[in-house]
Amino acid sequence: MKSGFSFKITKELGQGTLARTGVMQTPHGVVQTPAFVVVGTAATVKAMLPEQVQGAGAQAVLANAYHLYLRPGHEVVEQAGGLSKFMNWPGPTFTDSGGFQVLSLGSGYKKVLAMQSGQAIDEEVIAPVSERRAIVDEDGVTFKSHLDGSPHRFTPELSMQVQHAIGADIMFAFDELTSLLDPYDYQVESLARTHAWARRCIAEVRKLRKAHPKRLYQALFGIVQGAQHEDLRRQAGQFIGALPFDGFGIGGAIEKDRLGEIVRWVNEELPTDKLKHMLGISEPDDIFEAIASGIDTFDCVSPTRVARNGSFYTYDGRPDVNGAKYRSDFKSLLDGCDCYTCQHYSRAYLRHLIKAGERTGATLMSIHNTHFIIKLVDDIRASITVGTFLDLKKTWLQRYYSN
RNA sequence: GCAGGGUUAGUGAAGCGGUCAAACACGGCAGACUGUAAAUCUGCUGGCUUAUGCCUUCGCAGGUUCGAAUCCUGCACCCUGCA
């Protein structure tokens with residue numbers, strides 16, 4: 001505990017699952033796991049005030065090193081006294097390394113990134129090199145800024161320096177995220193690179209900690225890649241698991257239908273006593289699968305992004321408030337929901353706000369969606385504690401996906 | 001009253017003899033969104049139970065032409081000058 005960071009498992013469900021509850025301690029507070037970490041890429045959860053994020057039940061927020069490096073500049077966040085102070089979020093914080101942008105601005109630029117197995121694969125799914133805004137080499141990644149096109153270069157060392165300056169409680173190693181459609185040979189090559197980078201991240205963080213002994217402890221999580229291949233995932237789990245990381249992130253393109261299976265391969269290889277974060281998921285079925293396979297925390301842009309476009313979570317699926325049928329529907333988004341939005345506003349009003357492009361619409365929708373997902377995870381945590389997780393999983397998903 | 005300009009699908013606005021059911025924008029409808037390139041993107045938007053098909057549209061009524069939203073005549077309304 002001298003580092004200010006720790007993770008303790010409080011209950012293991014068993015019953016053929018790897019599900020568990022735990023407590024993560026960080027310099028900025030505690031996170032009860034499993035937990036959904038709300039994404040606030042640019043040091044703000046889009047359209048939400050910190051009070052609203054807190055009101056929705058969030059325990060932690062995840063920002064992005066690449067975005068803050070570009071704007072306003074990580075040194076500004078450092079001068080402000082760190083991410084938490086800068087954005088007025090007093091609780092625990094994470095930063096992503098910029099690794100995701102290797103994909104989203106690289107081979108996945110302007111492409112659909114998530115996939116279902118069996119989904120039609122056309123030649124449009126991987127961006128041609130000439131169109132990419134991120135090009136990978138052994139040493140790092142050259143980005144063209146999505147803001148102004150200016151060239152920037154990220155290396156594992158720079159990502160660590162940027163994340164160290166930003167000062168989140170948890171930093172992620174800089175990795176290469178591949179597309180499911182990259183061939184096996186490329187996955188092998190990329191994985192070797194991600195592993196070399198993992199070592200360089202550890203070395204750099206060591207240096208930074210030595211150079212700034214008075215800083216609050218920032219945990220470093222290693223990232224397991226390997227796409228959809230069992231041999232690569234297990235190999236990655238062993239390799240990354242053997243390095244002195246404080247916790248682990250499971251990343252990469254994952255076939256949705258095999259998510260639980262893939263996570264399980266990894267978690268069978270990683271040390272059980274450390275925290276496992278899954279990057280970028282939040283659909284209810286994915287949440288249940290991931291937690292069943294041993295995931296402790298996860299983050300996702302989906303609840304807020306989808307909210308800004310009008311979709312809202314209910315126990316019976318995720319409809320779109322823009323639908324003409326909600327024009328004069330004065331019920332709340334979700335009957336019985338105790339979020340601020342549902343306590344005070346109707347579907348008809350929210351539809352009007354979203355249609356009119358009024359920002360308050362994005363705020364209110366985001367409040368509902370983050371609250372809904374967080375509540376779901378709260379319920380899951382409770383069910384693990386009392387041992388009813390598998391029942392909850394079955395009945396909950398059955399209802400959600402029945403229409 | 002004279003001269004000139006205008007009237008195009010829900011709105012604005014292209015088109016100025018055939019390739020026009022009619023560009024484009026907005027609006028409308030539907031869909032997508034999983035470590036945020038994302039208040040973004042995609043599709044549809046005259047009718048026909050859906051098609052390399054048919055039918056009806058471009059102020060109204062006539063006419064010229066193989067063929068008109070596009071040319072001519074008359075009418076209606078709007079705008080701008082001059083009286």
Side-chain angles (χ1 to χ4, degrees), chain A residues 36-48 61-68 70-71 94-106 108-116 119 124 127 131-134 143-149 159 163 168 170-177 180 221 223-225 248-256 259 277-287 289-290 295 297-311 318-320 322-327 351 353-366 369 373:
Chain A
F36 173 63
V37 178
V38 179
V39 174
T41 302
T44 175
V45 178
K46 290 189 194 301
M48 293 176 81
V61 169
L62 179 145
N64 186 292
Y66 163 80
H67 292 259
L68 294 174
L70 285 182
R71 185 172 62 189
F94 295 59
T95 40
D96 188 25
S97 62
F100 179 71
Q101 281 62 40
V102 177
L103 174 68
S104 69
L105 299 176
Y109 188 58
K110 291 186 173 168
K111 306 298 173 196
V112 174
L113 300 182
M115 294 199 74
Q116 319 258 349
Q119 186 172 328
E124 294 292 309
E131 288 174 16
R132 298 181 188 182
R133 303 184 75 101
F143 291 100
K144 247 185 255 170
S145 161
H146 67 282
L147 300 174
D148 62 7
S159 176
Q163 292 191 71
I170 292 152
M171 308 183 283
F172 283 104
F174 187 63
D175 61 330
E176 178 183 0
L177 179 44
L180 271 181
F221 282 24
I223 296 187
V224 179
Q225 291 290 349
F248 302 99
I250 294 166
I254 286 179
E255 270 174 309
K256 184 178 173 72
L259 184 144
H277 180 91
M278 179 142 191
L279 292 142
I281 61 142
S282 74
E283 287 309 308
D285 53 343
D286 299 338
I287 292 174
E289 285 302 321
I295 291 299
T297 59
F298 49 91
D299 67 277
C300 195
V301 304
S302 187
T304 48
R305 177 186 292 169
V306 141
R308 270 175 271 130
N309 300 320
S311 296
R318 196 183 76 188
D320 184 339
N322 286 300
K325 62 182 168 180
Y326 299 118
R327 195 179 135 82
R351 174 178 190 272
L353 292 182
I354 294 291
K355 287 240 169 234
E358 290 291 342
R359 293 164 187 252
T360 305
T363 298
L364 293 172
M365 297 296 289
S366 295
N369 281 357
I373 294 298

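Every chain is numbered from 1, with letters handed out A, B, ... down the list of sequences.
- The phosphate of B:rU36 has OP1 or OP2 within less than 4.0 Å of a side-chain N or O from A:Gln101.
- Not a single donor-acceptor contact under 3.5 angstrom links the side-chain atoms of A:Ser104 to the base of B:rU36.
- Looking at A:Lys256 and A:Glu283, no side-chain N of the basic residue comes within less than 4.0 Å of a carboxylate O on the acidic one, giving no salt bridge.
- Between A:Asn64 and B:rU36 there is a side-chain N or O to OP1 or OP2 distance below 4.0 Å.
- A:Leu259 has its CG atom 10 Å from the C1' atom of B:rU34, to the nearest Å.
- The side chain to side chain donor-acceptor pair (under 3.5 Å) check on A:Thr360 picks up nothing, with sequence neighbours excluded.
- Under the Watson-Crick and G-U wobble criteria, each requiring two contacts below 3.5 Å, nucleotide B:rC41 is paired to B:rG31.
- Under the Watson-Crick and G-U wobble criteria, each requiring two contacts below 3.5 Å, nucleotide B:rU80 is paired to B:rA3.
- A:Thr41 has a side-chain polar atom (N or O) that falls below the 4.0 Å cut-off from OP1 or OP2 of B:rU36.
- Note on A:Arg132: every side-chain N or O is 4.0 Å or more away from OP1 and OP2 of B:rA37.
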| message | How would you summarise protein contacts on nucleotides 41-47 of chain B per nucleotide, using B for base, S for sugar-phosphate only and - for none, with heavy-atom distances below 4.0 Å? | response | -------
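- Within the 4.0 angstrom heavy-atom criterion, no nucleotide atom of any strand lies near A:Ala362.
- Residue A:Ile354 is classed as having no contact, given no heavy-atom separation below 4.0 Å to the nucleic acid.
- Across all strands shown, A:His277 has no heavy atoms under 4.0 Å from either base or sugar-phosphate atoms.
- Atom CD1 of A:Ile295 and atom C1' of B:rG35 are 12 Å apart (whole Å).
- Taking the six-membered ring for Trp, A:Tyr109 and A:His146 have ring centres at least 6.0 Å apart.
- Among the atoms of the strands shown, only primed sugar atoms or phosphate atoms (P, OP1, OP2) are found under 4.0 Å from some heavy atom of A:Gly323.
- No engagement by A:Arg327 is indicated, since no non-hydrogen atom pair under 4.0 Å with the nucleic acid exists.
- Checked against the 6.0 Å centroid criterion, the rings of A:Phe221 and A:Phe248 do not qualify as a close aromatic pair.
- Distances shorter than 4.0 Å separate none of the side-chain N or O atoms of A:Arg308 from OP1 or OP2 on B:rU40.
- Using a 4.0 Å heavy-atom distance criterion, A:Asn309 is classed as a base contact.
- Taking 4.0 angstrom as the limit, A:Lys355 places a side-chain polar atom (N or O) nearer than this to OP1 or OP2 of B:rC29.
- At B:rC29, one or more side-chain N or O atoms of A:Arg351 fall inside 4.0 Å of OP1 or OP2 (strictly under the cut-off).
- When the nucleotides B:rG35, B:rC29, B:rA38 are ranked by their closest atom to the side chain of A:Leu279, B:rG35 comes out on top.
- Looking only at distances, no side-chain donor or acceptor of A:Asp299 sits under 3.5 Å from a matching main-chain atom of A:Gly40.
- The side chain to side chain donor-acceptor pair (under 3.5 Å) search around A:Glu176 returns A:Tyr186, A:Ser190, A:Arg193, not counting sequence neighbours.
- Residues that satisfy the side chain to side chain donor-acceptor pair (under 3.5 Å) test with A:Ser159, not counting sequence neighbours, are A:Gln163.
- The CG-P distance, from A:Asn322 to B:rG27, rounds to 12 Å in whole Å.
- Considering only residues two or more places apart in sequence or on other chains, A:Arg327 meets the salt bridge (charged side-chain N to carboxylate O under 4.0 Å, His left out) condition with none of them.
- Side-chain atoms of A:Lys46 and base atoms of B:rU36 include no donor and acceptor less than 3.5 Å apart.
- Residue A:Ile223 is classed as a base contact, given a heavy-atom separation below 4.0 Å to a base.
- Taking the C1' atoms as reference points, B:rG47 lies 45 Å from B:rC2, given to the whole Å.
- Proximity of A:His146 to the phosphate of B:rU36: no side-chain N or O atom is located under 4.0 Å from OP1 or OP2.
- Shown here are the ring-ring contact (aromatic ring centres under 6.0 Å, His included) partners of A:Phe36, two or more places apart in sequence or in another chain: A:Phe298.
- The residue A:Arg71 sits apart from the nucleic acid: no heavy atom pair falls under 4.0 Å.
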